[in-house]
Every structure is written in C-alpha cells, then in structure tokens.
Amino acid sequence: KAATRDFSPEYELGKGAFGAVYKAVLSDGSVVAVKRLFPNEQNVADFLKEMVLISGIKHRNLVLLKGCCVRDKKRMLVYEYAENRNLAQALWGEDRPFDLTWEQRLNICVGIARGLSYLHEELQPKIIHRDIKPQNILLDKDWNAKIADFGLARPVVEDATQRATHVGGTLGYFSPEYATLGILSDKLDVYSYGVLVLEIISGRRCINLRSPVEEEVYLRTWAFRLYVENKLLDLAAKDLVTGSNREQVLSVLRTALLCLQEDPSKRPAMSQVVSMLTGSTQVAIDI
Ligand code: ADP
Ligand code: MG
Ligand code: MG
C-alpha cells in the first residue's frame, strides 16, 4: 500500500527517541498514522519486536497495526489514526479543546483496563507493555482509549521470574520491584496503570521524577504512595466530587490504590480492575 510521499513537519504527530510519527493519507483515502524509524541498529531490533508483538492483535482498546513497509531504506509501521491524539495532550495540553468530563475520564480508565486485561489474560504468552503512561495512550474520535507504543513490550511466560536486562520505561511509572530488581511481570503494568488513573482522575501530573538513580526511584515511589494515601480524601473532596458521583470517584481511587500496592502479588489482575470500575465488584478498602 502506498503511504504518503510527504513526511513534512506539519504532518508530524509526535517524535520519540527512535523515530517520528506522521499523519498520512493512503491511496484509498483513509487516514493513518505512520511511525517512521530513524535508522540505527538498536532501533531496528526494538522496531521489529514492536511489529512482531502486535501484528495480528485486534482489540478496540489497542491501537491497530494496519501494515508495515520499507521505503527509501526507512522502516515504517502503519497504524490506525487516533483523531484526539494522546492522553497527555488531552489532560494538560495547552491546546486541549476542553477539560475531559468525569464520564470521559472513567470511560478512558475502563478502556485502558480492558486493553491491558486482554494483553495479560487473553493472550498466550501474555504480553506486558512496560511503558504505560499518558503519552502512550491514544484517543479516538469518541475519546475512547487505545493503548499504543509497544516498543518496550515483551511476552512473559507464566510462573517464571523474568528479569529485564535493561530497566527501560519511564521513571515514576515504574513499580518498586521493577525499578530495584528488574522483575518483569504483568503486575508492573498494573502499578503503572494505578499511577495513570490518579493522573486521569485528578487531571494533575502525579509524577515529576528526573533522577535515574534506582534507589532514589524506589524511595520516591514509596514516598509517592504515602503521599497518595494521605492526600486521597483531600483530593476527592476538593476537586473531583460533584455530589452524585462521589461513591464512583472514591471507588475508582480505591482501585488505583490497590494497583499501587508495594507487594506485586497483592495488586489486582486487570480483569478484576475492570469489574471494580464497572461496578460489578465492590471495592472494599478504607481510605
Ligand atoms: P515512541 O516510541 O517514539 O514514543 P509512540 O508510538 O509512542 O512513539 O508515538 C509517539 C507519539 O505520536 C504519541 O505519543 C502520539 O502523540 C503520536 N501518535 C502515535 N501513534 C499515533 C496514532 N496512531 N494516531 C495519532 N497519533 C499517534
Ligand atoms: Mg511513546
Ligand atoms: Mg516506543
């Protein structure tokens, strides 16, 4: 399929360390997002992993890979286009069209949970994403969440303790056991999801970490959890609760707290998170 010939900056949707993403129109008129790789060996390996891992995966909350091609020696992945860009832009972008409503926020939390639950619980071997954060969550025209950027994602084998050779990801969204020991499991994504939910619900950045020192990360992550516990009611009372949604807001915040527990085995599975958020399971912890 012929992607556009023109990769000019005005069509640029985003840029990362490994390449840039452009809006493009295919010969049949459909709009897509093309992720084009800067050529370099490490990039190529990650790029191929991203391609292999998500080709053939189809779920309404995971961005769809429509194809891939090489043009002028540049490798490209062609994705379905997400009209409303990424969640960081929607939460705190200067040019965001409006503030997301409570219903939209809740729908986004549920959508991400469904996408992760599919990766963790329906696939064999399961896939962990490893880089869940607002910039990697895309929003379609109806503000539904689509998980994107599988550059760090890995398959994990059940019941084996896998360790990362390199702790890649984003500071602040790391779980303590991943930051300190490199332990790879689906519970890493559950933790990052907990941080993300707090950001989605509060509309504030919870994370402002810069230090690459692992010990530091661990301490700050722990401090962050305490901060959350202390501030939760405060936050809910001041900013979010409009009266009729009080119970729902608190229930979502409790679910996020469960996801942020230090002991990974205590964190819920993502399918349980979906049940908690959609109200089919009561979330029983005191905050
Ligand atoms: P990287 O691996 O470089 O972080 P991503 O896949 O996360 O690349 O894409 C970078 C940015 O490009 C995203 O944060 C988003 O803003 C934009 N983007 C990526 N894919 C799409 C898409 N399918 N539709 C719209 N925007 C996209
Ligand atoms: Mg990204
Ligand atoms: Mg990436």
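Order of appearance sets the numbers: ligands from 1, and atoms from 1 within every ligand.
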Would you confirm whether [X], through its side chain, and [Y], through its main-chain N or O, come within 3.5 Å as a donor-acceptor pair?
{"X": "His129", "Y": "Ala148", "answer": "yes"}
{"X": "Gln272", "Y": "Ala269", "answer": "yes"}
{"X": "Glu177", "Y": "Ile183", "answer": "no"}
{"X": "Lys49", "Y": "Arg154", "answer": "no"}
{"X": "Lys266", "Y": "Leu258", "answer": "no"}
{"X": "Arg36", "Y": "Met76", "answer": "no"}
{"X": "Asn61", "Y": "Lys146", "answer": "no"}
{"X": "Arg75", "Y": "Val70", "answer": "no"}

Open item on the list: Any atom of ligand 1 sitting under 4.0 Å from a heavy atom of Gln135?
Closed with: yes
Per-atom contacts of ligand 1 with [X], taking only distances under 4.0 Å to non-hydrogen atoms:
{"X": "Ala33", "result": "21 (C), 22 (C), 23 (N), 24 (N)"}
{"X": "Glu80", "result": "22 (C), 23 (N)"}
{"X": "Gly14", "result": "11 (C), 12 (O)"}
{"X": "Tyr79", "result": "23 (N)"}

Task: For atom 3 (O) of ligand 1, closest protein heavy-atom neighbour - done: Gly16 CA, 3.2 Å
Task: NZ/NE/NH1/NH2 to OD/OE distance under 4.0 Å, Lys35 and Asp149 - done: yes
TODO: Indicate yes or no: does Asp95 engage Arg85 in a salt bridge with an N to O separation below 4.0 Å.
DONE: yes
Please report whether ligand 1 has a polar contact with [X], defined as an N or O pair separated by less than 3.5 Å (distance criterion only).
{"X": "Lys35", "result": "yes"}
{"X": "Asn136", "result": "yes"}
{"X": "Val21", "result": "no"}

Open item on the list: Below 2.8 Å, which protein N, O or S atoms neighbour the Mg ion (ligand 2), ignoring water?
Closed with: Asn136 OD1, Asp149 OD2
Task: Proximity winner for atom 1 (P) of ligand 1, if only heavy atoms of Asn84, Asp149, Leu77 are counted - done: Asp149
